[in-house]
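Data block below; observations after.
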Amino acid sequence: MSIATRYDEVLSDVHGECRRAGRAEQDVTLVAVSKTVGIDGVQQAIDAGACDLGENRPDQLVAKAEAFPQVSWHFIGNIQSRQISKIVRHAHLIHSLYEDRHAAKINDTAAELGKVQDVLLEVNVSGETSKSGVTPGLLPALVQFASGLPNLRLRGLMTMAPQGDLDAARDAFAGLRRLADEMRGGMDEQQAAAFDQLSMGMSEDWRIAIEEGATIVRIGRAIFSDDFE
Ligand SMILES: *Cc1c(COP(=O)(O)O)cnc(C)c1O
């Protein structure tokens, strides 16, 4: 099967799952995570209609965003201080912010570029030590700090669920949604209105994520890999 065929199938599955969950198709954005393919593979996905793509390495983000500036690029990877200017230059949305010092630097960089950077805060809901993200306990302080930065716009939360255990994944997704509701409760009206995104769900668990309220699913292998089933 080609990338285009798989993209079409995943998109129509995502729409089907939205209907099944009683949600509107346009409430869920499919981010095609192209980190395992080159420019060629990205071209095929875009030809098939992909308009939101995700990368986890700054250099790949730069190369692909420069080749395809017409689509929206999502940065979903580990943030390192010295890579922030590359990321901010190209990212429509940064999904993986969880440190104050990176928030401050993204804010400064965005200000220099005359941009307001949309970001999600990554939360380690499951508490696995292998996962990055802020702990639920420290999230309120991070929200407080980041909401004071004029060139950052907090758009919501992101998480990665435990792999290989769909019940645990559901718990993590439901937990992220509750945390977002709690955070919204402490915001002024304008901030609360912007804080409307939940980035959760990957190739193995996105259906559950949509049931639990995901507004963005990040799907890589199911679109770009030959051997994902
Ligand atoms: C790679 C990656 C994805 C996509 O994972 P698949 O299992 O290939 O769908 C989603 N989110 C993040 C943060 C990733 O690094």
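Basis for what follows: all heavy atoms, side chains included, without hydrogens, waters or symmetry-related copies. Remember, it's 1-based here, ligands and their atoms both numbered in the order they're listed.
Within the set Lys35, Gln163, Arg218, His74, the minimum heavy-atom distance to atom 2 (C) of ligand 1 is found for Lys35. Looking at Met202, Glu204, Arg221, it is Met202 that brings a heavy atom closest to atom 5 (O) of ligand 1.
Every atom of ligand 1 is numbered from 1 in the order shown, and the set under 4.0 Å from a heavy atom of Ser203 is 6 (P), 7 (O), 8 (O), 9 (O). Less than 4.0 angstrom separates some heavy atom of Ile219 from each of these atoms of ligand 1: 9 (O).
Using modelled atom types, one finds no donor on one side chain facing an acceptor on the other under 3.5 Å when comparing Glu128 with Ser130. Donor-acceptor pairing under 3.5 Å is lacking for the side chains of His92 and Asp118.
Looking only at side-chain heavy atoms (C-beta outward), Ile94 and Gln117 come within less than 4.5 Å of each other.
Among all non-hydrogen protein atoms, the one lying nearest atom 12 (C) of ligand 1 is Ile76 CD1, 3.5 Å.
Contacts between His95 and ligand 1 below 4.0 angstrom, taking non-hydrogen atoms only, are absent altogether. Of all the heavy atoms of Met160, the ones lying under 4.0 Å from any atom of ligand 1 belong exclusively to the side chain.
Considering only residues two or more places apart in sequence or on other chains, Gln70 meets the side-chain contact (heavy atoms from CB on, under 4.5 Å) condition with Ile46, Phe68.
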Show me the donor-acceptor pairs, under 3.5 Å and distance only, between side chains in residues 168-175 and residues at least two apart or in other chains.
unit_1 : atom_1 : unit_2 : atom_2 : d
Arg170 : NH1    : Glu211 : OE1    : 2.9
Arg170 : NH1    : Glu212 : OE2    : 2.8
Arg170 : NH2    : Glu211 : OE1    : 2.8

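Residue Gly220 places at least one N or O, backbone or side chain, under 3.5 Å from an N or O of ligand 1.
For the pair Asp108 and Lys105, the salt-bridge criterion is not met [side-chain N within less than 4.0 Å of a carboxylate O].
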